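Bear in mind the structure is a predicted one, so any value in this text is a computation, not a measurement. Residues: numbered from 1 along the sequence shown. Just follow the structure's listing: the first ligand is 1, and inside any ligand the first atom is 1.
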Amino acid sequence: MSEVFEGSFTQQEPIPAEGIEAAVRVMEHGRLHRYNTAGDEISEAALLEEEFAAQVGAAYCLAVASGGVAMTTALRACGVKPGDAVLTNAFTLAPVPGAIAAVGAKPVYVEVTDDLVIDLDDLAGKLGQADVLLLSHMRGHICDMDRCMALCDAAGVVVIEDCAHTMGAAWDGTPSGRWGKFGCYSTQTYKHVNSGEGGLLISDDPEGMARAIMLSGSYMLFERHRAAPPPQVFKTIKYETPNISGRMDNLRAAILRPQLRRLSEQAGKWNARYRAVEAGLRDVPGLTLIERPAKEAFVASSFQFLLKDWPEPQVRDVIARCLARGVELKWFGGAEPAGFTSRYDSWRYADVPELPETDKVLAGIVDMRLPLTFSLEDCAQIARIIRSEVGAVWQAA
Ligand SMILES: *Cc1c(COP(=O)(O)O)cnc(C)c1O
């Protein structure tokens, strides 16, 4: 009788008791809107911003309604206008090209490498086409940031980082999100901290952040922000910048603050699970692991491997056989978008270019969530199941 995994790939941990208590206090006093404060009270949202800025070493932080809002706000704050081209990864999730489309701009996709990062050679050839790169650290894989920034700086291309999967991660000691002009994070349930929905935006740029705060819907209450540039920076910006409401509320901020305090502890747990799956999948014929560079300090809330050059029916067979044994794998090679998984050629509101390298890589990417509700033994069992099913299909081929 072959073993079946019984856990849920979509079950996150409960909110820590401290977060629940803080949320109840906010509900009891009723001041959920971030600018609804009593006397000299400092709102949970303002405290969250101050604490996250300190945690990553940024001058400024803004809490917003989602990771998508963080990205559209950053794009607008960088002056991206309708019709502009914005460079971005061909291998990413739908909210990334969606953010570019939301400001009326056009994504220009850059190829992905076998290591699942943006192809910097392809990027180098496309830098002349746009003024901004929305760099997605998709599934937590970080490219050579030194080379990426050197290329973009030399070409005068502004970098905005999508850190939805790299909160708590770093490249060569510098936190992800601290390389570009803006770093954008999501606090949605499937990311590294969980407030259901939510986002954070960081920057060291006073004018950019002043614009972002006005855009987020601060009215003329920007002085209530703490991780913000001084009031004089808003002098003309406050008249020039539209209010596009996308604020975070105090309830979410209250839930997030204790979670941020334990982020590095959580990262350790995620990586232990990642290493357990990786160890169980070493030396499986036909299966390629993604080797992580020494400079990359990642936070592995998910796991990817490649079934390189496998014919489609065999990949589908592996996915189906693993599913029958309780292991939910996602595949980026399918022509039809499904669930959270879609690819650049299904985002038909934008031009669909020829991306032969990306097509090749996407055809082999298998993707799996690693929630912290899994034990290390669960991870070892998942690896055993994948190993046996990949082996069975490989041998039959
Ligand atoms: C989730 C996600 C986002 C956007 O986050 P939301 O908070 O859901 O808007 C952006 N980029 C990537 C790669 C994501 O996975």
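For ligand 1, the atoms sitting less than 4.0 Å from at least one non-hydrogen atom of Val96 are 11 (N), numbered in the order shown with element in parentheses. Listed by number with element, the atoms of ligand 1 under 4.0 angstrom from any heavy atom of Gly67 are 5 (O), 6 (P), 7 (O), 9 (O).
Taken to the nearest 0.5 Å, the OG1 atom of Thr113 stands 11.0 Å off from the CG atom of Asp144. With values rounded to the nearest 0.5 angstrom, Leu151 atom CG is found 11.0 Å from Asp146 atom CG. Rounded to the nearest 0.5 Å, atoms CG (Leu370) and CG (Leu372) are 8.5 Å apart.
Residue contacts with ligand 1: Ser136 is placed with no nitrogen or oxygen under 3.5 Å of a nitrogen or oxygen of the ligand (distance criterion only). Of the N or O atoms in Glu197, none lie within a sub-3.5 Å distance of an N or O in ligand 1. When only interatomic distances are considered, the shortest N/O to N/O separation between Gly68 and ligand 1 falls below 3.5 Å. For ligand 1, one of its N or O atoms has an N or O atom of Gln188 under 3.5 Å away.
At a cut-off of 3.5 Å, with distance as the only test, a side-chain donor of Gln304 or His141 sits close to an acceptor on the other residue.
Proximity annotation for atom 5 (O) of ligand 1: of Ser186, Ala164, Cys163, Ala65, Ser186 comes nearest, heavy atoms only. Here atom 4 (C) of ligand 1 lies nearest to Pro95 when heavy atoms of Ser66, Pro95, Ala70 are compared.
Aromatic ring centroids of Tyr35 and His225 lie under 6.0 Å apart. Aromatic ring centres of Tyr344 and Phe91: separated by at least 6.0 Å.
Both tests pass for Arg369 against the ring of Tyr190: distance under 6.0 Å to the centre and angle within 45° of the axis.
Distances from ligand 1 to the non-hydrogen atoms of Met71 include at least one value under 4.0 Å. Under a 4.0 angstrom heavy-atom cut-off, Lys191 registers as being in contact with ligand 1.
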Audit row: Glu28, Arg25, salt bridge (charged side-chain N to carboxylate O under 4.0 Å, His left out) steps and yes/no: CA-CA 5 Å; Glu28 280 170 349; Arg25 277 196 299 278; over 6 Å; no

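Annotation: atom 15 (O) of ligand 1 to nearest protein heavy atom, His165 NE2, 2.6 Å. Scanning the protein for heavy atoms near atom 11 (N) of ligand 1, the closest one is Asp162 OD2, 2.9 Å.
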